[in-house]
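Since the model is a prediction, treat every value here as computed from it, not as a measurement. Below, read A as the first sequence line, B as the second, and so on, with proteins coming before strands; counting in each chain starts at 1.
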Number of protein chains: 2
Amino acid sequence: MAKYLHSMIRVSDLDATLDFFKLIGVEEVRRKEFEQGRFTLVFLAAPGQEDVAEVELTYNWPPEDGSEAESYDGGRNFGHLAYQVDDIYATCQTLADAGVTINRPPRDGHMAFIRTPDGISIELLQKDGSLEPQEPWASMENVGSW
Amino acid sequence: MAKYLHSMIRVSDLDATLDFFKLIGVEEVRRKEFEQGRFTLVFLAAPGQEDVAEVELTYNWPPEDGSEAESYDGGRNFGHLAYQVDDIYATCQTLADAGVTINRPPRDGHMAFIRTPDGISIELLQKDGSLEPQEPWASMENVGSW
């Protein structure tokens, strides 16, 4: 029997990433520091989903020799992480107020896409389907890709 | 309240990917064909994890004009999908017998890494910690990266 544990993403700024996930209601549940390997693992989960479906953040500490830390590009084989939210407009407003670009606004009251600080695409889906189309979202243009 | 739904990966060969996931005990639970958009979504889950923690496969149909289908590269911001398994040696033997490269063999009886046909890294973790180190795994070398 297999059991899903987590999806791991690499992050260049732990605090910025934690702040980002907090905006959609996904928070730290566990943390491990590895002094020797010079990295930190932080596990995130939505409420009630600890040990059920987590995201693992890997933060590699900056090189000891002062050289530049790695920055993380994206590839096409990974698509996105998807979360259901109770009110997609409220969540997108919270994100926008915090300065997060809504790459694919929820024009249809059903689906939106945003990106983490390291460019991981996040899909937000409205619980139980769709809300009524509503401004300013209904006529909001896409921004970039996702 | 947010709720995790799935991680989406793009796949260039649906059958090869389904065969791969079946080897670790993760199987199709739902499928949607989109004739107009020319793509197929297949949702996978480990036993008992349907609607709890799924992987969404996106398969874009080959271009109608006969031009080459997109192939999918990887990036560094996404790390891996992690699954717990009951017996990491048995799972790795099943994978190896099917021709899957064990990139990071379970030398410690605890952890292994493999890759999907499109290069998505998969971490396998032994349930309840570790099995006793055991040959041929204990002295097996790494292959490539993961």
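- Remark: Glu123(A) CD to Trp146(A) CH2 distance equals 11.0 Å, nearest 0.5 Å.
- Here the side chains of Cys92(B) and Leu124(B) are in contact, with some heavy-atom distance below 4.5 Å.
- In this structure, NE2 in His6(A) is found 7.0 Å from CE in Met8(A), a value given to the nearest 0.5 Å.
- Only the side chain of Leu125(A) has a heavy atom closer than 4.5 Å to any heavy atom of chain B.
- Contact annotation for residues 9-20 of chain B against chain A (heavy-atom separation below 4.5 Å, listed by residue number): Ile9(B), Arg10(B).
- Note that CZ of Arg115(A) and OG of Ser145(A) are 4.5 Å apart. Values are rounded to the nearest 0.5 Å.
- For the residue pair Arg107(B) / Asn142(B), a side-chain donor-acceptor distance below 3.5 Å is found, with atom types taken as modelled.
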Yes or no on side-chain contact (heavy atoms from CB on, under 4.5 Å) for Val143(A) and Ile102(A), after CA distance, side-chain angles and deciding distance?
CA-CA 7 Å; Val143(A) 179; Ile102(A) 313 297; over 6 Å; no
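- Ile88(B) and Ile122(B) fall within the same hydrophobic cluster, defined by Ile, Leu, Val, Met, Phe, Trp and Tyr side-chain heavy atoms under 4.5 Å apart, directly or through other members.
- Interatomic distance, Thr116(A) OG1 to Leu57(A) CG, rounded to the nearest 0.5 Å: 9.0 Å.
- In this view, Gln126(A) satisfies the side chain to side chain donor-acceptor pair (under 3.5 Å) rule with no residue, not counting sequence neighbours.
- Under the 4.5 Å side-chain heavy-atom criterion for ILVMFWY residues, a single connected hydrophobic cluster contains both Val26(A) and Tyr59(A).
- Interatomic distance, Glu132(B) CD to Asp108(B) CG, rounded to the nearest 0.5 Å: 11.5 Å.
- Between Thr91(B) and Tyr83(B) there is no side-chain heavy-atom pair separated by less than 4.5 Å.
- Using a 4.5 Å cut-off between non-hydrogen atoms, the part of residues 61-73 of chain B that approaches chain A consists of Glu70(B), Tyr72(B), Asp73(B).
- Within residues 27-54 of chain B, the residues having any heavy atom under 4.5 Å from a heavy atom of chain A are, by residue number, Ala46(B), Pro47(B), Gln49(B), Val52(B), Ala53(B).
- Under a hydrophobic clustering in which Ile, Leu, Val, Met, Phe, Trp and Tyr are joined whenever their side-chain heavy atoms come within less than 4.5 Å, directly or via other members, Trp137(A) and Leu23(A) fall into the same cluster.
- Phe113(A) and Val55(A) end up in different hydrophobic clusters when Ile, Leu, Val, Met, Phe, Trp and Tyr side chains are linked at under 4.5 Å.
- For the options Val85(A), Leu81(A), Thr58(A), Ile120(A), heavy-atom pairs under 4.5 Å to chain B are most numerous at Ile120(A).
- Heavy atoms closer than 4.5 Å to chain A are found in both the backbone and the side chain of Ser7(B).
- Atoms CE and CD, from Met140(A) and Glu135(A) in turn, are 8.0 Å apart once rounded to the nearest 0.5 Å.
- Contacts between Ile24(B) and chain A at a heavy-atom distance below 4.5 Å involve the backbone alone (N, CA, C, O).
- Contact count against chain B (heavy-atom pairs under 4.5 Å) is highest for Arg76(A) among His80(A), Arg76(A), Lys127(A).
- Annotation: maximal heavy-atom pairing with chain B below 4.5 Å, among Gly119(A), Gly25(A), Gly75(A), Ser121(A), occurs at Gly75(A).
- In the hydrophobic clustering of ILVMFWY residues, with side-chain heavy atoms under 4.5 Å counting as a link, Phe21(B) and Leu95(B) come out together.
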